[in-house]
Amino acid sequence: MDLINALVAITNYVIIPATAYGAQLALGALGVTLIYSILRFSNFAHGDTMAFGTGIVILITWGFQAMGISLGPLPTALLALPFGIIVTAALMLGTDKVVYQYYRKVRAAPVVMVMVSVGVMFVMNALTRFLIGVDQINFDDGARFVINARQWREMTGLSEPLTLRSTQVITVVTAIITVAALFWFLGKTRTGKSMRAYSDNEDLALLSGIDPNRVVAVTWIITGALATIAGTLYGLDKSFKAFTYFQLLLPIFASAIVGGIGNPVGAIAGGFVISFSEVGLTYAWKKVVTYLIPNWQPDGLVQLLSTDYKYAVSFTILILVLIFKPTGLFKGKIV
Amino acid sequence: MSYLNASEMTGGYGKADILHSCTLTVEKGEIAVIVGPNGAGKSTAMKAVFGMLSLREGKVTLDGVDITGLSPQDRVKKGMGFVPQVNNVFPTMTVEENLEMGAFIRDDDFAGTMEQVYELFPILKEKRRQNAGELSGGQRQQVAVGRALMTQPKLLMLDEPTAGVSPIVMDELFDRIIEVARTGISILMVEQNARQALEIADKGYVLVQGANKYTDTGQALLADPEVRRTFLGG
Amino acid sequence: MFAQSMKSGDPMIRVENLVKSFGGFRAVDGASLEIATGSITGLIGPNGAGKSTLFNVIAGVHAPTSGRVTMDGEDITGLAPHELFHKGLLRTFQIAHEFPSLTVRENLMMVPSGQAGETLWNTWFGRGRIREEETALLKKADEVLDFLTISHLKDEKAGNLSGGQKKLLELGRTMMVEAKIVFLDEVGAGVNRTLLNTIGDAIVRLNKERGYTFCVIEHDMDFIGRLCDPVIVMAEGKVLAEGSADHIMENEAVIEAYLGTGLKNKVKAEETAEAAAHEDHGAQPGLGDEAGKGEAQ
Amino acid sequence: MSTTRQPGGSSAIRAPLFFAIMAVLILFEGFSSGWNSALGILNMGLLSAIMALGVNMQWGYAGLFNAGAMGFLALGGLAPVLISMPPTPGAFKAGGPGIMLAFFIAIVAVLAAVWIWRNLTGRLRGLAVTAVLIVGFFVYRWAFDPAVAAIEAINPSAQGNLGGLGLPTLISWPVGAVLAAGAAWLVGKTALGLRSDYLAIATLGIAEILVAVLKNEQWLDRGVLNVNGIPRPWPVPYEIDLQNSPDFVAKAQSWGMDPQLASTITVKLAYLLLFVVVLAVLIWLTQKALKSPWGRMMRAIRDNEISAAAMGKNVTRRHLQIFVLGSAVIGLAGAMMISLDGQMTPTSYNPLRYTFLILVMVIVGGSGNNWGSILGGVLIWYVWVKAGDWGPDIMAALASPFPEGGFKEHLIQSAPHMRMLVMGAILLGVLRFSPRGLLPEK
Amino acid sequence: ADVKMGVLLGFTGPLESLAPAMAQGAELAIKEVSDSGKLLGGDTVTPVRGDSTCVDAAAATAAGETLVTSDKVSGIMGAMCSGATTAVLQNVAMPNGMVMISPSATSPALSTLPDDGLFFRTAPSDARQGEVMADEILEKGIKSVALTYTNNDYGKGLADSFEKAYKAKGGTVTISAAHEDGKGDYSAEVASLASAGGDALVIAGYIDQGGSGILRGALDTGAFEKFVFPDGMVSQTLEDNFGSEVNGSFGQMPASEGEGHDKFLALATAAGFDGTSVYSGEAYDAAALMLLAMEAANSTDPKVYKDKIMDIANGDGEKIYPGELAKGLELIKEGKPINYEGATAVHLIGNGEASGTFREIEFKDGKMETVQYR
Ligand SMILES: Nc1ncnc2c1ncn2[C@@H]1O[C@H](COP(=O)(O)OP(=O)(O)OP(=O)(O)O)[C@@H](O)[C@H]1O
Ligand SMILES: Nc1ncnc2c1ncn2[C@@H]1O[C@H](COP(=O)(O)OP(=O)(O)OP(=O)(O)O)[C@@H](O)[C@H]1O
Ligand SMILES: CC(C)C[C@H](N)C(=O)O
Ligand SMILES: [Mg+2]
Ligand SMILES: [Mg+2]
């Protein structure tokens, strides 16, 4: 029984949350990775794009809620998501027209593009706040739990709780579907291949009759969609706050790079590496130990590192990975 | 009117002009070869014909149609194919994907053409799952030419296709170029292996400092001692 | 200055059983060869034979999977490129590696190592010395540019050069210092033949007058024939044959794997077939077993 | 990187022109909002210029994308705390030996691990290293934790840390540079092998780690509790002292100035003087270096590392050199900033402000160009500060056509975020019309 | 004449969502005084907002500098966070002899910082709140708690003072772990807290920052069922977002009962903002105090009116509540003493900080209910 309790504790506090968080990071990292591999720059505006997309989804969700439309046990936001994606993608296309297009034309160095994206980040940052303000917003409706602590205890009679939120399940499922779809798209479809061709050698793509404008447009549309999906799932699971989305940028980049930037599978793997190392390595084993060795009451927390340094842990791992596998876990590309 | 008629092209990369009223024409099914010293503007002229350089003066017509204002990818749709001198493969795509990209604008089944390319360059078939960026210099060059052939162009432009390929492959390549030309496709190419190239050329251009210096049949140029000495290495 | 110390004829570079694999693929597959001091050794072979890879391993760009490289009897396997440079080993790249944002002249002037002006301290407190050095370097660079016929481009950014001009610049860099051995990876590809002849002359001159040893990869057989002795033929990562240029060009296996039977003959197809049949001198004994394998394939 | 660059629009008058514009902006600020404000902006602008100079050395000269400026800046800021604050009585006695022992243990453990890594082979190696590190870690904590607890127990609401050495603040500036350089050396040794964007993210992470240490090691710098009242560097006076000095008051009045205003301006001018001296020295050093074979070599390495290595340049060592030097300059700026602020608040280090804004300064100024960094530093800081003022005005103007009510209210409430918008717009504008910066590298 | 007053708050940055209601609180008082036409014989008062960003000392200093030197304000209502407040105080207010009244900087360190008599605050020091919270918890019979705090001077200061008080009174703190605000995920922190255990979880954080993430995680994983909320957590948002999930949890915030509070809420509602938002009332009081002191000193010179602030706040004349500022001004003009109570029962002690009355709240049926004041 105690063994099961120990397992349940680990599942509840480490495995489930880290999986959901990892999937959220992964979706964010996918967007970053895509822009990196096709348009060849690190897009620092991605976090704010996520915030913007989510902001739109929230507004539409409110609209639906006001009209009394809902999805039953699923959050209404899922219904609003496609509309949010359309608006965000449109914004992406607009931004590209107004801003990025010029730099491609003059073939600006990637770092100039990075700086441009910082500029866009500032602007989007303001835009999102004009749109929906700075407050924390919860827009999750529908059934919150698949299993909650009380149900679990009644069901199993265990003393340790175990909960599974519907948003966690939705996040993971969506992440799997999205990455599969993206992978298929890039690897198998003609448009997808033309995008890779463009990313490899822009001039030659031109010479093969590939329309660069189309490639760029498709890239931005997908990115907009990925950002909106990632942002919405994250917001559903935790909550929406513009500032947090900017802060997410760092772990997202870390994920993309640990996995091997430019590589979709890498982005997914990276998300999980980062999330599991954050949660796992700072876990206090006290509870588990007490279950396993019943007669021992440790006076400390049996914790390798205090949570103060959880970011240090994930970045140390990042650096170690890079030193021993310089292109990330899965081979990424370097511009 | 010639099939390709690029007349009086003048222009450059921004500062000074590189091309000075340079004229290139190719008939249907003809092989035209451009030779000249390094930096003469041969590649620049090719780029100009393909619309990758904005011309200050001059115009380009293809099959009688003025294409001066068209973008490169539109020219591809008009039946032009181009193998640039450098950066002419997609390095992180496999050989096969490189060829597929060559056939991007084609809606028909291109499996046959791909087989032909593999026949021409057997090594590519062997390496078709490998990324082009990992190939040797000469192998890459073969991929580059193969990619352009996949388009099934009506006018094929090659910028030093034989640079870095081994003699045996070079022979094959020239052979194939002759064959291609015989099917009615026009060829415009820049070559430094000038003697072999002029050998098969219907028409040769010697370009010096962006201007036409000599224009004649391939054989005639080969026979001209002045041309031989100054441009073909004796 | 390096070269004087060595007797001509001893091997400058000795490659022993070198293997380099990428993933499972053996790009260089147990190659063994020697480059004699004072020679201009040609290295030819079909595309993908492993020539450039061999260069890259010798020059320290790739670490070998196994095997050994020595220079003047000293083990240099796995040394870093800059260390090899200091030992007098220089190389050019098949795909030109210029410094695009430096001017052509600066591309040359940066080459010599141990410049006083490369030490930060001197840039602040040793201006006099730097000035002297720079004047000398400038003069030398301009000489080299003249030689390469591109002195009109000396203030142009190297990134704006034409394909062939970049190749010339590559070669020019090796002329800025006293090298012991220079590895040239296809200097000729894309270079005008008249100019290539001039380059050939320069190589001979450097070889004769300054005692440089050269190892040259090239597909232009005229060039190889005129310059190189001996010629080493690689195929599939191994040495297929070795010998004088004339011998090599008559080697059956080499013709089959590399040279082909010549364009002119192909155009007149029938004659070619006959001609090829006659040139049956058998394999050269260079490194016999490799040659045998080469033939067998 | 692409080879077709825009034709360089740099002409001889460009630099003087932009510096004149900068001067006019500062003068305008002085006449319109007062000299205090103008000098305040200028001082912080010059500090930013020094930071930008450090980043420019790394990015502009050598192409090393250090996205961790914040970390080195913060570390440099530790120096004034450790050097010029008065020591905490009894703290060293309580915890000093323990902490030193702990560090000794840590160093021994790391050296042992390195030794094992170098001298063992096979499976055993990994295990042995891990074992040594883990055991080392626990021994370290055994020595470290009680020492820290002892120090933190001393007068926690005001001190609770080791305190400093009580030395003059000016000394802390070079020490800040050395601290940052030391950290940069360690970082460089491990991370410089990484390329472009990977180095960026690694340094971004390292910066976070450094700041986390400053936030959480209370015994060192009071952590998030902040250190206040860091003494000013010589010869900067305190306003109160000036105001209380009859001489000064008399002098100010004889010039027809309000003594209080005169005192604040005097203080700012004193800082200005110090900053200008430091900046002048730095610019002399960097200009000389850049315009010499050393600079040429660095540019070559930046252009093509493989080729530079083949030309005999020790790329790794040069990278390390410039990384350490650049970080030292950033650390110097960090120490200077803390002695200008008079307080150390580790929570205030955030990447947007101290990494990205600095990068923006470098790029806007023109990467690779030292004068560009100075221009970018002052100009962008000016914009960053003024955008906070302009934002509401612009918003009010934008909102004016709308009818009173919720929407207008919402717009006006959003005014502060105009700062971001203005900042973004300016950055995009500069990059649009001068993608290689205002003063491009020639 | 027109008197300018600086309203220096963190409008952007990690606490951007708290700032608007605070600014509106202060501006409410300013408008009230200005409209009354009674200040110094008819002066109007205009608020000038400055952005202290909460975390960036340099930007806060620059903003303060602008307020003082270019906008020529006669006093600063602010700053918001303790760190920025210290920076502005030392770099701007003291050199320029400017009065600052912060509505929300609660770090204990500010009690002892030298300030030339220029600095006041209408919020109590966290040292006090720690004690109050400890008492409250022990009275509920809870003997062991896990503690998490936002990793800044506020959170750490509060956590330290609480831990000390609680231990001294016989409680056990199983873990005291920091959390960073604004991060994406708090699973690791929740896991540690859960593992350490305890009968309740004290969250010394901000409701729209990490505090919310921790609370969400702790609830969702079933790690804790009872929570203790200090000032940074108690707000309408807490009720809206968590409501019945936190039934039985309790907390406290600086605020006082009675007339002043209710009057302020009514005024706020009329003005269209949420008066229950943390520190909104304190902001109102800070602005009002400063203006009343100007009237009392008959001068807008900070160096003169600074000495009147304690008199206004603690005087033993008629009590003045929100909405009655005009009356206050009149009384002062007539030379009568007043006791400014304001929205938060202002009573300044020691070096010029609020003595600290706390409102204790508890969640019942998803609603936040006031239990008592102490
Ligand atoms: N990085 C790599 N990864 C995988 N395979 C590689 C890589 N580099 C080279 N190869 C393979 O190694 C083989 C030898 O390549 P190498 O460049 O040495 O040929 P080469 O003899 O120089 O040919 P060429 O004359 O065409 O330049 C080729 O088949 C190539 O595909
Ligand atoms: N992108 C560019 N920007 C500026 N100048 C250029 C650029 N590319 C080429 N040039 C210049 O234009 C001239 C002609 O170049 P081009 O590449 O057309 O020569 P080429 O005849 O093809 O020579 P090669 O045989 O060496 O390839 C050269 O002097 C070169 O320096
Ligand atoms: C706005 C408040 C929650 C600020 C907090 N009391 C501090 O001192 O930092
Ligand atoms: Mg060319
Ligand atoms: Mg090669």
Side-chain angles (χ1 to χ4, degrees), chain A residues 9-10 12-14 16-18 20-21 24-25 28 129 133-138 144-145 148-150 152-153 160-163 165 168 234 238-239 241-248 250-252 275 278-290 301-303 306-308 310-311 313, chain E residues 10-21 54 146 148 151 174-197 206-225 235-238 240-243 245 277:
Chain A
I10 296 180
N12 191 35
Y13 293 113
V14 179
I16 294 180
Y21 181 44
Q24 286 148 6
L25 287 183
R129 284 161 171 75
V134 294
D135 295 331
Q136 173 157 320
I137 298 167
N138 283 336
R144 187 156 181 85
F145 290 99
N148 71 23
R150 186 169 306 125
W152 169 263
R153 287 202 180 103
E160 270 306 311
L162 187 128
T163 57
R165 287 203 302 277
Q168 290 169 327
Y234 177 84
K238 313 260 158 69
S239 70
K241 189 168 196 312
F243 185 75
T244 314
Y245 280 64
F246 165 71
Q247 295 274 61
L248 268 179
L250 205 65
I252 283 180
S275 70
E278 268 188 18
V279 183
L281 285 172
T282 56
Y283 186 65
W285 294 95
K286 180 175 176 182
K287 207 171 207 172
V288 175
V289 167
T290 357
L301 290 170
V302 205
Q303 192 179 19
S306 88
T307 48
D308 297 352
K310 73 172 185 181
Y311 303 102
V313 170
Chain E
F11 291 102
T12 61
L15 286 184
E16 54 194 11
S17 60
L18 287 186
C54 204
T148 178
N151 202 13
T174 58
I175 181 176
S176 169
H179 62 262
E180 296 290 336
D181 279 333
K183 296 293 184 188
D185 179 80
Y186 294 100
S187 314
E189 285 81 355
V190 170
S192 300
L193 294 169
S195 185
Y206 302 118
I207 178 61
D208 51 39
Q209 284 289 341
S212 172
I214 297 271
L215 179 54
R216 181 87 276 162
L219 280 170
D220 286 351
T221 55
F224 291 90
E225 273 154 8
S235 79
Q236 193 55 42
T237 325
L238 179 63
D240 291 349
N241 288 353
F242 294 93
E245 290 181 86
S277 176

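Values reported hereafter were calculated over all heavy atoms of this structure, with side chains retained and with hydrogens, waters and symmetry mates removed. Here the structure is a predicted model, which is why all the values come from computation and not from measurement. Just so it is clear: chains get the letters A, B, ... in the order the sequence lines come, proteins before strands, and each one is counted from 1.
If you tally non-hydrogen atom pairs under 4.5 Å between each of E:Ala177, E:Pro20, E:Ser192, E:Ala19 and chain A, the highest count goes to E:Ser192. Options A:Asn12, A:Leu162, A:Leu248, A:Ile16 differ in how many heavy-atom pairs under 4.5 Å they form with chain E, and the most are formed by A:Asn12. Considering only heavy-atom pairs separated by less than 4.5 Å from chain A, the leading option among E:Arg216, E:His179, E:Glu180 is E:Arg216. No other option in E:Ala194, E:Ala196, E:Gly217 has as many heavy-atom pairs under 4.5 Å with chain A as E:Ala194. The greatest number of non-hydrogen atom pairs below 4.5 Å with chain E, out of A:Gln24, A:Arg150, A:Gln247, is found for A:Gln247. Ranked by non-hydrogen atom pairs under 4.5 Å with chain E, the options A:Ser275, A:Ala242, A:Pro161 are led by A:Pro161.
Between A:Trp285 and E:Ser195, the closest heavy-atom pair is C-OG, 4.1 Å.
With a threshold of 4.5 angstrom between heavy atoms, A:Trp152 does not approach chain E through any atom at all. Heavy-atom distances place no part of E:Leu193 under 4.5 Å from chain A, backbone and side chain included. Contact of A:Tyr245 with chain E is not made at all, since no heavy-atom distance falls under 4.5 Å. Only the side chain of A:Arg153 comes within contact range of chain E, judged by heavy atoms closer than 4.5 Å. For A:Asn148, no part lies near chain E; criterion is any non-hydrogen pair under 4.5 Å. At a 4.5 Å heavy-atom cutoff, the contact between A:Phe145 and chain E is made by side-chain atoms alone.
Rounding to the nearest 0.5 Å places CZ of A:Phe243 at 8.5 Å from NZ of E:Lys183.
Summarising the local packing, CD of E:Glu225 is surrounded by 12 or fewer heavy atoms from other residues, nucleotides or ligands at distances under 6.0 Å.
Between E:Asp185 and A:Val279, some side-chain heavy-atom pair lies under the 4.5 Å cut-off.
With hydrogens and angles ignored, the 3.5 Å screen pairs a side-chain donor or acceptor of A:Thr163 with a backbone N or O of E:Asp220. Side-chain atoms of A:Thr282 do not come within 3.5 Å of backbone N or O of E:Ala188 as any donor-acceptor pair.
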